[in-house]
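Note that this is a predicted model, so its numbers are computed, not measured. Values below: every heavy atom of this structure, side chains too, minus hydrogens, waters and symmetry copies.
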Amino acid sequence: WFEDIDYGLISYAHPLRRFVLGAYVSHLTYGKIQGYDVDGVPTAGKLEPADLSLGASFSKNLFVKEESALYAGSTLKFIREDLAVKKADAWALDLGLLYRTPLRPLDLGAVFQNMGIGSKYVAKRESLPFNFRLGSAARFLNEALTVALDYCLPRHYPSYLNFGAEYRLSDLLALRAGYQSKNDLGDGLRFGFGLGDKNFVFDYAYVFYGALKETHRFGAGLRFGKEH
């Protein structure tokens, strides 16, 4: 990311006959930061705060018909915030639904994120950044073009919209663009592409944050084993 901030995530999903199990680990570091004591005097050495999150996921199809289907999923998350001199832990739960409507090619989704008890530093407990999201996606041009809209209603901020589109130039290359209406820095635009087939994919995204310059995000996915 920008400045000295680094973020990484690794996840795994395993489909079984009637449901899917998954797990992930994410880690966020903020670089080295000068520490100060209660009198405002710089302390010796630099602090290296970081966040860690571990999660386990479960998803299942509630019903599948010829023209429609409904899926549900959940993720239980453990969150640790390390401020170098203090640590705090929290547990959170995400719940989501995906409905493949009979009005093809329209899909609808809803997600409740970060439901749980927040981290506690000394005597004060901070609330988790709860967020409710409604989303929709539609495919056009023989499913070469996908357009998606996402409405977010966070607990601590005004609601905002995300918009995204993907166009598949071929079976191996997809071009992507997006816009986030809530963006304190930059113009909210994002651009990227995806390379790969059904077994391997490489993703790249470019996001500009104004005075903090740009960020480059890379991802890779590998699919192996038989199909269910």
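Linking Ile, Leu, Val, Met, Phe, Trp and Tyr whenever their side-chain heavy atoms come within less than 4.5 Å leaves Leu28 and Ile79 in two separate clusters. Under the 4.5 Å side-chain heavy-atom criterion for ILVMFWY residues, no single connected hydrophobic cluster contains both Leu97 and Val64. In this structure, Leu175 is a member of the same hydrophobic cluster as Leu145, with clusters built from ILVMFWY side-chain heavy atoms closer than 4.5 Å. By the criterion of side-chain heavy atoms lying less than 4.5 angstrom apart, applied directly or through intervening Ile, Leu, Val, Met, Phe, Trp or Tyr residues, Leu21 is not grouped with Tyr71; the two fall into different hydrophobic clusters. By the rule that hydrophobic residues join a cluster once side-chain heavy atoms approach within less than 4.5 Å of another member, Phe130 and Leu134 end up as members of one cluster.
To the nearest 0.5 angstrom, Asp94 atom CG is 9.0 Å from Ser74 atom OG. Distance CG/Asn61 to CG/Leu70: 9.0 Å, rounded to 0.5 Å. Remark: Arg100 CZ to Ser68 OG distance equals 11.0 Å, nearest 0.5 Å. Distance CZ/Arg139 to OG1/Thr146: 6.0 Å, rounded to 0.5 Å. Atom CD of Gln113 is separated from atom CG of Leu95 by 10.5 Å, given to the nearest 0.5 angstrom. The CG atom of Leu173 sits 5.5 Å away from atom CG of Leu195, with the distance rounded to the nearest 0.5 Å.
Here the shortest heavy-atom pairing between Ala50 and Thr29 reads CB-CG2, 4.1 Å. Closest approach of Thr75 and Gly55 over heavy atoms only: CG2-CA, 4.4 Å.
Taking the side chain as every heavy atom from C-beta outward, Val20 and His14 never approach each other to under 4.5 Å. Proximity of Ile33 to Pro49: side-chain heavy atoms (C-beta onward) are separated by under 4.5 Å at one or more points. The shortest side-chain heavy-atom distance between Glu81 and Lys87 does not fall under the 4.5 Å cut-off. Looking at Phe200 and Arg223, their side chains never come closer than 4.5 Å, going by heavy atoms from C-beta outward. For the pair Tyr151/Tyr160, no side-chain contact is recorded, criterion being any heavy-atom separation below 4.5 Å from C-beta on. The closest side-chain heavy-atom distance from Arg176 to Phe193 is not below 4.5 Å. Counting heavy atoms from C-beta outward, Val207 and His216 have side chains that stay 4.5 Å or more apart. Contact annotation: the side chain of Asn131 approaches that of Cys152 to within less than 4.5 Å [non-hydrogen atoms, C-beta and beyond].
Under a cut-off of 6.0 angstrom, the local environment of CD1 in Ile10 is sparse, with at most 12 non-hydrogen atoms contributed by other residues, nucleotides or ligands. At most 12 non-hydrogen atoms from other residues, nucleotides or ligands lie less than 6.0 angstrom from CG of Asn142. For Leu172, the CG atom is densely surrounded, since the number of other residues' heavy atoms within 6.0 Å is greater than 12. Counting non-hydrogen atoms of neighbouring residues, nucleotides and ligands closer than 6.0 angstrom, the OH atom of Tyr157 reaches no more than 12 such neighbours.
Remark: Lys60 is not positioned above the aromatic ring of Phe58, lacking an NZ or CZ atom under 6.0 angstrom from the ring centre and at most 45 degrees off the axis.
Between the side chains of His27 and Tyr7, no donor-acceptor pair of N or O atoms lies under 3.5 Å. Counting only N and O atoms by type, the side chains of Asp51 and Tyr30 include a donor and acceptor under 3.5 Å apart.
Here Arg133 pairs with Asp150 in a salt bridge; the nearest charged N to carboxylate O distance falls below 4.0 Å. For the pair Arg217 and Asp203, the salt-bridge criterion is not met [side-chain N within less than 4.0 Å of a carboxylate O]. Of the charged side-chain nitrogens involved, none lies within less than 4.0 Å of a carboxylate oxygen, so that Lys198 and Asp171 do not count as a salt-bridged pair.
In terms of the side-chain contact (heavy atoms from CB on, under 4.5 Å) criterion, residue partners of Thr101 (sequence neighbours excluded) are, by chain and number, Tyr99, Leu103, Leu106, Leu108. In this structure, Tyr24 has no ring-ring contact (aromatic ring centres under 6.0 Å, His included) partners at least two apart in sequence or on a different chain. Taking the ring-ring contact (aromatic ring centres under 6.0 Å, His included) definition, one finds that Phe78 meets it with Trp91, sequence neighbours left out.
Between the side chain of Arg155 and the backbone N or O of Leu128 there is at least one donor-acceptor pair closer than 3.5 Å. Listed for the Asn114 side chain is a donor-acceptor partner under 3.5 Å among the backbone atoms of Pro129.
Tyr179 has its ring centre no less than 6.0 Å from the ring centre of Phe163.
Aromatic ring pairs are classed by plane angle as parallel below 30°, tilted from 30° to 60° and perpendicular above 60°; the pair Phe112 and Phe132 is tilted.
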